[in-house]
Protein chains: 2
Amino acid sequence: MVTIKDVANMAGVSVATVSRVINETGYVHADTRKKVESAVQQLNFKPNEVARSLYKRKSRLIGLLLPDITNPYFPQLARGVEDRMQENDFRLIFGNSDENKQKEMDYIQTFIQNNVVGVISSTNYPDTDTYLKLKIPVVFLDRTLGDSPSVYSDGREGGRLAAQEMLARGSKRITIMQGPAHIRPAQDRFQGAIEVLEESGLPYHIIRTSSFSFHDAESSAKELFHKYAGTDGIIASNDIAATAVLHEALRLGLKVPDEVQIIGFDDIPLSRLLSPSLSTIRQPSYEMGREAANLLIQLIEQTNVANKNIQFPVQFVERDTTRKVD
Amino acid sequence: MVTIKDVANMAGVSVATVSRVINETGYVHADTRKKVESAVQQLNFKPNEVARSLYKRKSRLIGLLLPDITNPYFPQLARGVEDRMQENDFRLIFGNSDENKQKEMDYIQTFIQNNVVGVISSTNYPDTDTYLKLKIPVVFLDRTLGDSPSVYSDGREGGRLAAQEMLARGSKRITIMQGPAHIRPAQDRFQGAIEVLEESGLPYHIIRTSSFSFHDAESSAKELFHKYAGTDGIIASNDIAATAVLHEALRLGLKVPDEVQIIGFDDIPLSRLLSPSLSTIRQPSYEMGREAANLLIQLIEQTNVANKNIQFPVQFVERDTTRKVD
DNA sequence: TTGTAGGCGTTATCAC
DNA sequence: GTGATAACGCCTACAA
């Protein structure tokens with residue numbers, strides 16, 4: 001390993017001087033600078049981030065905590081975060097929490113032990129001590145808590161939208177899939193949809209699901225048609241659930257969207273490639289990831305941040321699992 | 001921040017002793033141990049990984065480089081890696097390379113600057129100097145190079161399988177999608193399929209695709225049916241391409257699998273939820289990720305590693321985009 | 001069995 | 001302008 005000392009030796013100066021030139025801090029004569037730069041080049045010297053981190057008590061590392069990268073919604077978020085962080089030379093320590101508090105706390109712990117300068121977390125437990133006592137900035141992604149920095153989308157409005165569009169397209173016996181109880185955004189959507197359906201006065205059913213996994217999506221879909229065979233409109237808890245529902249509906253020989261309409265949530269990339277393509281409530285996940293990263297960077301660099309709570313609008317994406325209206 | 005010094009003070013011993021108990025190295029009296037442990041508890045002391053890393057010149061960090069986490073094949077791999085690493089208390093610094101050599105090299109560079117103890121990389125450039133000169137173990141994932149440690153699946157056999165199954169089910173005018181030229185596994189599959197088709201003596205067509213993105217998948221699918229309208233069997237370069245092809249086929253009113261059969265590659269989680277569900281060549285991606293992590297851990301811990309080149313078998317998953325045979 | 005002290009690679013303070 | 005040097009928090013000879 002080539003150290004600052006090696007560079008200093010080769011350039012015939014002290015380590016202090018080398019440090020000055022690589023950090024562009026303090027005065028240094030043009031000639032010496034040249035000598036140093038040349039030595040840096042020849043030796044291909046790259047400063048040891050660990051030593052830097054130790055001295056400065058801060059690294060260029062960011063902790064990113066997501067429930068499960070295997071859920072197609074999250075890669076978009078992750079990618080948005082990464083791209084933005086990359087631009088400012090921050091690196092990501094990444095972990096899956098499985099919505100498990102303990103796992104999450106353990107990760108936060110090791111983030112700290114590694115001197116990360118900020119955390120982006122998609123957590124169900126934002127009001128835990130661990131977060132509240134953190135001395136570094138945290139941005140909650142896809143989750144909120146009071147006026148803590150956060151980036152999220154308007155789940156409730158999304159739920160409302162889904163229900164409205166479904167009603168506007170003539171479904172009369174709607175079934176709503178209620179996502180996992182401990183996942184806030186899932187409940188927001190659910191509430192939004194319920195609100196609109198209550199206002200409408202029409203009957204509706206509810207199917208509870210306990211996770212966002214592929215496996216559970218399939219069984220929930222089966223359960224749904226088994227219990228509520230007469231349903232003519234399904235508001236799914238996310239696009240995976242919707243895909244499973246669509247799959248099951250077609251398997252049962254139902255016509256989509258003529259006999260059953262389906263609306264998903266998220267707009268994951270595959271949704272438009274389904275057949276029929278999936279109508280859904282879109283969250284701009286990539287942009288949300290980017291924005292979360294952006295917000296965190298501002299927080300880290302102590303820039304004045306006008307708005308620490310960034311809500312993204314959701315949007316109905318009309319495709320082929322819903323009927324057309326004039 | 002609470003340091004080892006604080007613990008030492010509270011316990012009334014020297015830092016050396018504290019170090020000994022937390023690392024379980026060297027002798028320490030039962031009583032002193034108790035005092036120290038109690039102090040550690042009360043102060044909630046967690047050793048600073050950065051300081052450790054600096055001294056020992058190695059961290060508990062692993063670099064993970066994937067082309068694009070947004071491609072549904074990779075989250076599985078990533079998850080497998082993470083789960084295994086987690087078990088041994090390793091953390092992941094994660095980056096997307098976009099199959100871009102420069103980006104990749106930059107990442108490797110910062111991995112080193114952060115004292116990572118190993119790298120798992122899904123690269124198209126395993127024979128680059130940067131990799132060859134690395135002084136830490138590297139495991140190539142989904143890629144190979146000579147006898148460098150690697151975990152991959154048998155792409156060529158996968159391609160052969162796809163072609164064989166398609167022929168066995170009666171397709172006579174097959175079109176093969178050739179994945180991106182610079183991506184090795186894509187070419188292996190392609191070659192395998194070509195081999196079998198050549199042996200069969202039947203005519204076939206080729207569609208070249210330049211990326212694995214969702215967007216390109218759609219346009220390739222359109223191009224395919226435009227150019228080779230009479231095709232009755234499509235071997236897609238991966239499941240996304242297959243999904244796009246299926247989508248387009250149905251849009252054109254073709255009966256799947258009666259008029260056109262489709263076989264994908266990878267078996268991403270959504271494939272079984274498509275309608276009709278997608279027949280595909282399965283790679284056990286989660287297991288591959290785990291195994292790569294496992295191999296890397298062995299390499300790091302200098303265990304004798306029997307086999308550094310782990311090839312996973314692929315497997316035809318029969319679903320509904322192919323016809324049934326007796 | 002325990003403590004002292006030097007060093008890991010870097011930065012920043014303070015003389016010169 | 002430049003160079004010693006003391007930190008940063010931890011680990012490990014070596015001495016006691």
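The basis for the numbers below is simple: all heavy atoms, side chains too, and nothing from hydrogens, waters or symmetry mates. Every chain is numbered from 1 and lettered A, B, ... according to where its sequence line falls, protein lines coming before strand lines.
Taking the charged nitrogens against the carboxylate oxygens, B/E287 and B/R290 have no contact shorter than 4.0 Å, which rules out a salt bridge. Using a 4.0 Å cut-off between a side-chain N of Lys or Arg and a carboxylate O of Asp or Glu, B/R60 and B/D89 do not qualify as a salt bridge.
Within the 4.5 Å cutoff, the side chain of B/Y131 has heavy atoms near those of the B/I108 side chain. Residues B/N48 and B/T3 are not in side-chain contact: their nearest non-hydrogen atoms beyond the backbone lie 4.5 Å or more apart. Counting heavy atoms from C-beta outward, A/M288 and A/L77 have side chains that approach closer than 4.5 Å. No side-chain heavy atom of B/F140 sits under 4.5 Å from any side-chain heavy atom of B/S122.
With the end axes of the helix from C/dT1-D/dA16 to C/dC16-D/dG1 each set by five pairs, the angle from one to the other reads 50° at 10° resolution.
When the side-chain nitrogen and oxygen atoms of A/N23 are compared with OP1 and OP2 of C/dT10, none of them lie within a distance under 4.0 Å. The phosphate of D/dC8 (OP1 or OP2) has no side-chain N or O of B/N48 nearer than 4.0 angstrom. A close approach under 4.0 Å does not occur between any side-chain nitrogen or oxygen of B/S19 and OP1 or OP2 of D/dC10. Listed pair B/R52 / D/dC10 fails the phosphate criterion, with no side-chain N or O lying under 4.0 Å from OP1 or OP2.
Minimum atom distance to the side chain of B/R20 is reached by C/dT2, of the listed C/dA12, C/dT2, D/dC10. For B/L54, taking side-chain heavy atoms from C-beta onward, the closest of the listed nucleotides C/dA5, C/dC8, C/dT11 is C/dC8. Considering only the side chain of A/V15, C/dT11 comes nearest among C/dT11, D/dA13, D/dC11.
Residues of residues 24-33 of chain A that place a heavy atom closer than 4.0 Å to DNA chain D, in numerical order, are A/Y27, A/V28, A/H29, A/T32.
In this structure, B/T3 reaches the sugar-phosphate backbone alone: every heavy-atom distance under 4.0 Å involves primed, P, OP1 or OP2 atoms, never a base. Note on A/V50: nothing from the nucleic acid sits closer than 4.0 angstrom, heavy atoms only.
To the nearest angstrom, P of C/dC8 lies 18 Å from OH of A/Y55. Taking atom NZ of B/K58 as the reference point, atom C1' of C/dG9 lies 18 Å away to the nearest angstrom. A straight line from NZ of A/K34 to P of D/dG1 spans 15 Å, rounded to a whole angstrom. When rounded to the nearest whole Å, the span between CD of B/E49 and C1' of D/dC11 equals 13 Å. Between A/N115 atom CG and D/dC8 atom C1' the separation is 10 Å, expressed in whole Å. Rounding to whole angstrom units, CZ of residue B/R60 and P of D/dC10 are separated by 17 Å. Between the C1' atom of D/dG9 and the CG atom of B/L43 lies a distance of 15 Å, rounded to the nearest Å. Rounding to whole angstrom units, NZ of residue B/K5 and C1' of D/dC10 are separated by 12 Å.
Listed here is the closest heavy atom pair of B/A293 and B/V81: CB-O, 3.7 Å. Nearest heavy atom pair, residue B/S59 against residue B/S53, reads CB-OG, 3.6 Å.
Within the 3.5 Å criterion, the main-chain N or O of B/I310 finds no donor-acceptor partner in the side chain of B/N307.
Each of A/A51 and B/T17 was assigned the nucleotide of DNA chain D with the nearest heavy atom; the assignment lying further toward the 5' end belongs to A/A51.
Side chains of B/Y107 and B/Q102: no donor on one and acceptor on the other come within 3.5 Å.
Contact of A/R57 with D/dG9 (side chain to base): no donor-acceptor pair of N or O atoms is detected under 3.5 Å.
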